[in-house]
Amino acid sequence: MGLELVIFIGAILLGILIYWRESQGNKLYRFFNKIFNSKELQMKPENKKGFVFKQAFLPRLVYIVGVFLLIGIVVQFLTPFQIFTNYNGISAFSSVIVGTLIGTYVASFVLKSGKVIEEKTDSFEDIVQSAVEKGKDIIEDIKTKDVEEEITEEQKEEAPKNNEKSARERLKDKGYLK
């Protein structure tokens, strides 16, 4: 079980390496594309697709299994290691395939998130700067509202009540009292 775990983690790292390497350049995929396809069906120069880079799940799975199957057959017949004759060999073989496949998806996530962060860095700075400015404006508004409220409360308290008539005088003016 320990050896399978080590093989699995190594396969994840191998998948990351394969994906990263193919994201840098896809010369091998272009070579096979030129061999197998006619001139009209060949890849365009700006196309970055590779065996695992920008590939859907099933073609990626087929390419990975095919490569490891070829490697396994070579190891089976040219070395004394018998990969396909016992449970441990088949288990390690499947761990390598699954680990490599997972590694390609982990690398895809990391590369895409890195590109998004690089693209959004300037907009993040602008967003933070505008938020700081809005916060300053809000604080200024709060300070001025507090001062205005204090001034209006003081004016109400200090305002003379000379212009107002008493209730008795108002009733006399309306003719209700004599």
Side-chain angles (χ1 to χ4, degrees), residues 1-140:
M1 183 66 182
L3 182 61
E4 285 181 12
L5 187 61
V6 170
I7 291 171
F8 183 72
I9 292 171
I12 290 175
L13 294 175
L14 178 67
I16 292 171
L17 178 70
I18 290 170
Y19 190 88
W20 175 78
R21 181 68 189 115
E22 209 170 69
S23 71
Q24 301 300 316
N26 59 350
K27 293 177 185 174
L28 187 63
Y29 189 78
R30 276 189 195 284
F31 174 72
F32 283 115
N33 189 290
K34 285 182 182 178
I35 290 174
F36 294 126
N37 293 326
S38 66
K39 188 72 171 174
E40 298 84 29
L41 297 175
Q42 289 179 4
M43 294 172 61
K44 305 287 184 250
E46 63 273 358
N47 193 350
K48 299 276 188 186
K49 186 183 280 190
F51 289 108
V52 293
F53 184 69
K54 291 189 176 181
Q55 207 52 275
F57 174 73
L58 284 178
R60 190 180 291 195
L61 178 68
V62 168
Y63 290 135
I64 290 174
V65 169
V67 166
F68 282 114
L69 192 60
L70 287 174
I71 292 171
I73 290 172
V74 168
V75 168
Q76 178 82 18
F77 291 114
L78 297 180
T79 65
F81 300 112
Q82 301 298 316
I83 295 175
F84 299 115
T85 57
N86 59 14
Y87 170 77
N88 291 331
I90 294 173
S91 177
F93 181 74
S94 62
S95 293
V96 167
I97 291 172
V98 171
T100 304
L101 195 61
I102 290 172
T104 60
Y105 281 104
V106 168
S108 172
F109 173 74
V110 169
L111 287 177
K112 285 181 183 178
S113 64
K115 288 179 183 176
V116 168
I117 289 172
E118 286 176 5
E119 291 173 359
K120 299 291 183 179
T121 300
D122 295 333
S123 65
F124 285 146
E125 291 173 4
D126 294 338
I127 290 170
V128 169
Q129 186 66 25
S130 66
V132 168
E133 292 299 322
K134 287 179 183 177
K136 287 180 181 177
D137 292 342
I138 290 172
I139 290 172
E140 282 296 320

Ring-face cation contact, Y105 with R60, 6.0 Å cut, 45° max
yes
Check [X] against [Y] and note the closest heavy-atom contact, atom names and distance.
X: V96; Y: T100; result: O-OG1, 2.7 Å
X: Q82; Y: T85; result: CB-OG1, 3.0 Å
X: F84; Y: L69; result: CZ-CD1, 4.2 Å
X: F8; Y: I102; result: CZ-CD1, 3.8 Å
X: I16; Y: G103; result: CG1-O, 3.3 Å
X: T104; Y: G15; result: CG2-O, 3.6 Å

For residues 90-99, which residue pairs qualify under side-chain hydrogen bond (donor to acceptor under 3.5 Å, both in side chains), counting only residues two or more places apart or in two chains?
E4-S91
Please, which pairs that meet ring-ring contact (aromatic ring centres under 6.0 Å, His included) have at least one residue in residues 58-78, sequence neighbours excluded?
F51-Y63
Nearest 0.5 Å please: distance from the CD1 atom of I138 over to the NZ atom of K134.
8.5 Å
The reported gap from CD1 in I9 to CG in L14 (rounded to nearest 0.5 angstrom) is 14.0 Å
